[in-house]
Amino acid sequence: MARAPALDWGWKTSPAVDAALVAGGAYSVAAVGALSAMPATQALTVGGIGAAAQAAADLYQRRPGWHITARCAAWLTAGGWTAQALADHTALTWQAAGWWAAGTAAGITLARGLARTENAAREQRTSRRLQVWANTRAREWHERLERLFRLEGHTVEGVMPWKSNAGYTVRVAMPSTTPQLPADAVRKLATDLKLPRGGGIQITDGLVYGEIHIRVTIKDVMSEDLPLPDSPEDLTVTSTYGGLPLGLQPDAQEARIGVVDDCALFVGQVGSGKTNVVNVANAGALRTNDTVVMHIDVTGAGISLPWLRAWAVDGTSEVPLIDYVGDTEEEAHILCDFLIAGIGARKSGHQDLLSGEDDKLTVGPDLPEVLLVVDEIAELSPRLLAKLDTIVNTGRAVRVRVIICGLRATQDVITAAMKKQSRVRVGMRVSDPEELSHLFPTGAARLDPKAAPGRGCGFFSAPDAEDIISDPAPYKAYRITPKVIQRLAAAYGGRRPRLEAEFLDTAPARYYASRWGRVLPRLYKSKTLAPTTVPYTDMEILRPPLDEVTGIPDTGAETDEGAGGDGASSKPGTPGRRTASGGVPAGKRFGSDALTALLNSPRTPSGPQGEATGEDRTVIHAQFGRVVAQTGGPADRPDPVPRLLLDAHQAVTEAGGRLHTGDLSTRLGLDAVALGKELSQILKTVGVERPGIGSVRIGEVSKSGYLAATLAEAITRYRNTQ
């Protein structure tokens, strides 16, 4: 929050300026006093009082005696000259002015010399005290390491205090026989030092093998909220190469992450402050003029709405701060196809920029980085996760990077590619130390969750200037509020860059221009949109056709069959897609009747059924008779897909792609408990698991439910198992 300006009565002047001011005051008194017949004794009195006050101040500050004498003499000289000028009425003569100028020059020179001498002496005293303190601490630490861990041959090479006075760093050269401290060293050292709550120990590797740094936090700098700095000097234009600030470390140094070369992984349990950190990262990226920010949040676009309000509702920004929002599964597929195609277009369209000394693009306002922030990763379908993997794996050279946010860093939430390619790791408050081990590849064994106890506290690890990944360190995230976001959005709107022509010259890009015409009606159902949105919505709204089986938008993008996990291409006319020739109208959602017609279309049996002739060529033999019988279909039914699965997919698709179990049972006229058991058995039979352990979030409500993509995957597996 911006702080109200306060009056500052301090004298921010140098000693030389102080001397000049005193001399100027003396000349003014002499000139005016001579005209008004001021007694000369008053000037002597003022000079004497000034000398006495100067002596008292110098004695209090323990200045050397000759310094005190020099300053008192300067006061008395100024008073004496003024008294002489008043007595003789000669202040305006050349002779008096000459003596005044000479005295002023001598006073300024004397003041500068005294200040330099005192500063040098002060630095020497500080250095001596610091050296004595460091030597004392070094001896203590040498004895402590020997006593606690029975070390021999180690050397404490230095103890460096932090500028914030919140702690210090101990540099230790370990013996070759014991290059590391034991795993419980953090707890033992903290107990031996009797550190206060909020303090802690962090052990990191030094610059050379065999050297360790022990960072000791003796003061809690993370207990209070840290408002995101938003003063005028904190709103200046930055670059993505400077990194994104997240908060402060225990030594009051800023915690920054780089997202130009590397993807980032944010993990935090519910209530840990993860969403706040995501918005802080958004603020850092939007402060730059060389980053285009896009979002995927299929649980209501919660991370996007605060940043869009200035443009969509208030009208204080002419452009949307967030360039594209994937608020539903379908829109997220369009966005990912757009980015995947853009990555390929950049690689082919900027060959001259990629073939120089560096094989990666240099971003700027005309060629910006694209930063995709994905929240609630557990709510996404496997097919969408596969597309995100493609972006993560292929976008580094052309500066398309991803920030992935989830509740945990385990395989059931984060894919292997996302975890491996995300060298930047941010973990918020956790209750189980094992979760930190899942997140951080190195150094997690030394972490103590109690070092980040409060809300908004966590650990982060990122490559340093030498591209070496540092051990995870604790930090406290900045606090950003909706009011601050609105103010920042209005300030950052004018610096938003645009994607270049090469990125927009792809097949999926034809749906990019009308993106807000599709998204805004869903985000702001009952609100009146600001006139600033008209240029983005006053156009023909293009919507890609949906694949009849998977329900995935067909943007015309070239997809990798292996990467997508579909086993079918999304390009029209390919074998993986049923068109009108198969009896199903192209471009329509898939319903139970359409699927039945499609499955009853002629096909040649293959696999374990062997060869078939005659009528058998047009028959699909069900291999799941038990499940079909459970759902009410005849045992000899030619359609292998259970009727309940078809009806559930139809209802969930019509509801927008996600539906809670209770609402689904109401639509189908079934008991909720019975419906859940039957659908679970149907999905289990073909090995389909619901993402997020079956939890589906609609708006702010997260309950057991189903995704259209999950049911579509089960339908595909039933069809492919003959």
Return yes if some donor-acceptor pair links the side-chain N/O of Arg396 with the main-chain N/O of Asn393 below 3.5 Å, else return no. no
Under a 3.5 Å distance rule, please check whether Arg518 uses its side chain to pair with a backbone N or O of Leu542 as donor and acceptor. yes
Check whether any side-chain heavy atom of Arg522 lies under 4.5 Å from a side-chain heavy atom of Thr328, and answer yes or no. yes
Quick one: does Asn276's side chain have a donor or acceptor within less than 3.5 Å of a partner on Ile480's backbone? yes
Please check: side-chain N/O of Asp327 versus main-chain N/O of Ala301, any donor-acceptor pairing under 3.5 Å? no
Just by distance, do the side chain of Arg690 and the backbone of Leu707 share a donor-acceptor pair under 3.5 Å? no
Where the side chain of Asp505 meets the backbone of Ala501, is there a donor-acceptor pair that is under 3.5 Å apart? no
If you measure from CD on Glu500 to CG on Asp366, what distance do you get to the nearest 0.5 Å? 9.5 Å
Is NZ or CZ of Arg495 both nearer than 6.0 Å to the six-membered ring centre of Tyr492 and within 45° of the ring axis? no
With the threshold set at 4.0 Å, does a side-chain nitrogen-carboxylate oxygen contact exist between Asp230 and Arg487? yes
When you compare the side chain of Trp516 with that of Thr533, does any pair of heavy atoms fall below 4.5 Å? no
Test side-chain hydrogen bond (donor to acceptor under 3.5 Å, both in side chains) applied to Thr240 and Asp290, step by step: CA-CA 7 Å; Thr240 186; Asp290 53 9; 4.9 Å; no
Residues which pass salt bridge (Lys or Arg N to Asp or Glu O under 4.0 Å) with Arg399, listed by chain and number, not counting sequence neighbours: Asp261
Heavy-atom neighbours of Met539 CE exceed 12 at 6.0 Å: yes
The reported gap from OG in Ser381 to NZ in Lys387 (rounded to nearest 0.5 angstrom) is 8.5 Å
Stepwise side-chain hydrogen bond (donor to acceptor under 3.5 Å, both in side chains) test for Ser231 and Glu233: CA-CA 6 Å; Ser231 60; Glu233 59 269 19; 3.1 Å; yes
So do the side chains of Arg287 and Thr236 get within less than 4.5 Å of each other, counting heavy atoms only? yes
Please report the interatomic distance CD(Gln249) to CZ(Arg256), rounded to the nearest 0.5 Å. 11.5 Å
Do the side chain of Arg510 and the main chain of Ala507 share a donor and acceptor less than 3.5 angstrom apart? yes
Minimum-distance pair of heavy atoms, taken over all atoms of Val398 and Leu361: CA-CD1, 3.8 Å
Looking only at non-hydrogen atoms, find the nearest pair between Ser272 and Gln269 and report the distance. OG-O, 2.7 Å
Minimum-distance pair of heavy atoms, taken over all atoms of Asn279 and Ile303: OD1-O, 3.6 Å
Between Phe459 and Met428, is any pair of side-chain heavy atoms under 4.5 Å apart? no
Quick one: does any side-chain atom of Asp297 pair with a main-chain N or O of Gly302 as donor and acceptor, under 3.5 Å? yes
More than 12 heavy atoms of other groups within 6.0 Å of Arg498 CZ: no
Quick one: CD1 on Ile404 to CZ on Phe266, what's the gap to the nearest 0.5 Å? 10.0 Å
Would you check, one step at a time, whether the test side-chain contact (heavy atoms from CB on, under 4.5 Å) holds for Leu339 with Val370? CA-CA 9 Å; Leu339 291 184; Val370 178; 3.8 Å; yes
Tell me, please, which residues at least two apart from Glu376 pass side chain to side chain donor-acceptor pair (under 3.5 Å). Arg697
Could you pull out the closest heavy-atom pair between Leu286 and Leu321, with the gap in Å? CD2-O, 3.4 Å
Do Thr217 and Gln202 come close enough that some side-chain heavy atom pair is under 4.5 Å? no
Taking side chain as C-beta onward, heavy atoms only, is Trp307 less than 4.5 Å from Leu488? yes
Determine whether Thr555 and Tyr512 make a side-chain contact, defined as any pair of heavy atoms from C-beta on separated by less than 4.5 Å. no
Starting from the C-alpha separation in whole Å, work towards a yes-or-no answer on side-chain contact (heavy atoms from CB on, under 4.5 Å) for Leu384 and Glu329. CA-CA 8 Å; Leu384 190 53; Glu329 186 88 8; 3.7 Å; yes
Might you point out which heavy atoms bring Val259 and Arg401 nearest each other, and give the distance in Å? O-CG, 3.3 Å
Between Glu331 and Arg515 (salt bridge meaning N to carboxylate O under 4.0 Å), is one present in this structure? no
Does the side-chain contact (heavy atoms from CB on, under 4.5 Å) test come out yes or no for Val373 and Met294, once each step is laid out? CA-CA 6 Å; Val373 182; Met294 301 182 182; over 6 Å; no
If you take all heavy atoms of Gly284 and Leu244, which pair is closest and at what distance? C-CD2, 3.6 Å
Might you confirm whether atom NZ of Lys360 has over 12 heavy atoms from other residues, nucleotides or ligands at distances under 6.0 Å? yes
Counting N and O atoms only, with roles assigned by atom type, does the side chain of Ser348 sit under 3.5 Å from a partner on the main chain of Gly344, one being a donor and the other an acceptor? yes
Which distance, rounded to the nearest 0.5 Å, do you find between the NZ of Lys476 and the SG of Cys457? 4.5 Å
When rounded to the nearest 0.5 angstrom, what distance separates OH in Tyr475 from CZ in Phe460? 8.5 Å
Between the side chains of Glu540 and Ser514, is a donor N or O closer than 3.5 angstrom to an acceptor N or O? no
Are Val277 and Lys274 close enough, and set up right, to give a side-chain contact (heavy atoms from CB on, under 4.5 Å), and what steps lead you there? CA-CA 5 Å; Val277 177; Lys274 176 173 61 67; 5.7 Å; no
Does Thr204 form a side-chain hydrogen bond (donor to acceptor under 3.5 Å, both in side chains) with His213? I'd like the steps, not just the answer. CA-CA 5 Å; Thr204 61; His213 292 176; 4.5 Å; no
Can any side-chain N or O of Thr532 pair as donor or acceptor with the backbone N or O of Trp311 at less than 3.5 Å? yes
Please examine the side chains of Leu308 and Pro320, heavy atoms only from C-beta on, and report whether any two atoms are closer than 4.5 Å. yes
